[in-house]
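What follows is a single structure, written as C-alpha cells, with notes after it.
Atoms within a ligand are numbered from 1 in the order they appear, just like the ligands themselves.
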Amino acid sequence: MVKTLGVTGGIGSGKTTVCRMLEALGARVFYADDEAKRIMAEDPAVRAELVDAFGPASYDAAGRLNRAYLAQQVFGDEANVARINAIVHPRVYAAFEQARRRAEADGVPLLVKEAALIFETGGDRHLDAVAVVDAPVEERIRRVAERDGATPGQVRARMAHQLPPEELRRRADFVIENDGDLAHLRRQVERLYRTMTGRQTGAPGTG
Ligand code: ATP
C-alpha cells in the first residue's frame, strides 16, 4: 500500500525544498496549491460556480482566472474564504484520491501532499501522517524576501493569515527543523522517508 504524507508549514519554512528532496528519494508529490490553481483555471463546473458566487469578473475577457480580483474578494472576509474553499477543496480532494490510486498502481512507496493549509481544511484526516516544516521566523522572512523580491513587511502580512508555528508543531506527526544548511535538512528528510516507507535511502550512516 502506498503511504500518504502531508507536508505543510508556514510561508518560507521550506515545504517545497523538502518535497523536492522526497521526490529525489522516490516519493511522488502532489502539489495541492498548484492543483487548486489549475482546477480554478480549467474546470468548467468550478468556473460556473465561481462566477455564480463572485460574479463574471472572476475571469477576464480572455477567460483567464482573475486572481487579483478573487484575492480581493477573500481578503479579510471569512465568509468568502469559506465559499471559495467549498467550491475548490472537494475537487482538490478528488484529484488527490485519483493520484493515490495511480501511485498505488505504479508501486510508488510514498505519496506526498504539499499544501500551505492541511489542518485548516481537515486534510490530515485522509493522510497517514503530517510533517510540519519549521524554521526561525527571521530566517523565513529573509528567504522569502530574497526568493520573491518582497519586503519583510509583505512577508509578515502573508504570515499573519496562517496558523501559528506552535499550533502546527503541536498537531504534527513529524517536525522538520529547517534551521541549518541543506545537508541538515536532507538528513531529516531521509530519516522521515525511511520511517514512512521502511525503505533505505542509500546514504548509510548519515541519518
Ligand atoms: P512558500 O510557503 O512560499 O511556498 P516554502 O515553505 O515552500 O515557501 P521553500 O520555497 O522551500 O519554502 O523555501 C523558501 C526559500 O528558502 C527558497 O528559496 C529555498 O531555496 C530557500 N531555503 C529553504 N531551506 C533552506 C536552507 N536550509 N538553506 C538555505 N536556503 C533554504
Side-chain angles (χ1 to χ4, degrees), residues 4-41 65 67-68 70-71 74-76 81 84-85 88-89 92 95-96 99 110-121 123-124 127 129-193 196 201 203 206-207:
T4 55
L5 173 73
V7 170
T8 191
I11 175 172
S13 56
K15 297 179 289 296
T16 304
T17 306
V18 164
C19 286
R20 297 263 187 261
M21 289 177 178
L22 285 166
E23 267 173 339
L25 292 170
R28 188 173 287 173
V29 182
F30 177 92
Y31 292 93
D33 300 333
D34 293 344
E35 189 62 25
K37 282 182 197 154
R38 191 191 63 74
I39 286 168
M40 289 166 78
L65 185 71
R67 281 184 212 297
L70 283 172
V74 299
F75 190 78
V81 172
I84 211 163
N85 286 347
V88 178
H89 278 145
V92 175
F96 181 76
L110 182 65
L111 178 65
V112 175
K113 180 179 192 176
E114 196 227 63
L117 309 179
I118 284 188
F119 301 117
E120 295 89 332
T121 60
D124 52 317
L127 298 163
V130 176
V132 163
V133 189
D134 198 15
V137 67
E138 294 308 323
E139 192 67 17
R140 289 166 53 202
I141 292 170
R142 200 185 56 70
R143 287 176 183 161
V144 173
E146 185 177 305
R147 186 195 60 191
D148 298 352
T151 67
Q154 287 166 334
V155 180
R156 281 183 195 279
R158 280 154 71 184
M159 283 179 171
H161 297 289
Q162 304 186 319
L163 281 181
E166 316 78 71
E167 174 76 11
L168 292 176
R169 297 175 71 100
R170 197 177 60 70
R171 298 177 69 165
D173 298 293
F174 301 97
V175 176
I176 297 175
E177 307 284 2
N178 190 10
D179 56 357
D181 61 12
L182 292 171
H184 171 66
L185 185 62
R186 185 169 293 109
R187 281 193 293 275
Q188 297 175 72
V189 171
E190 287 176 350
R191 207 178 306 135
L192 174 63
Y193 181 84
M196 285 301 298
T201 50
T206 56

Around ligand 1, what residues show up once you keep those with a heavy atom under 4.0 Å from it? Gly10, Ile11, Gly12, Ser13, Gly14, Lys15, Thr16, Thr17, Arg143, Arg147, Asn178, Gly180, Asp181, Leu182
Got a salt bridge between Arg20 and Glu23, using NZ or NE/NH1/NH2 to carboxylate O under 4.0 Å? yes
Only one of Ile118, Leu163, Val133, Val130 forms a side chain to side chain contact (heavy atoms under 4.5 Å, CB included) with Leu168, so which one is it? Leu163
State the CG-CZ distance between Asp33 and Arg38, to the nearest 0.5 angstrom. 13.5 Å
Partners passing side-chain contact (heavy atoms from CB on, under 4.5 Å) against Leu65 (at least two apart in sequence or in another chain): Met40, Leu50, Tyr59, Arg67, Leu70
Could you tell me which residues satisfy side-chain contact (heavy atoms from CB on, under 4.5 Å) with Glu138, sequence neighbours excluded, listed by chain and number? Ile141, Arg156
Ala129: partners by side-chain contact (heavy atoms from CB on, under 4.5 Å), with sequence neighbours left out: Leu5, Asp173, Phe174, Met196
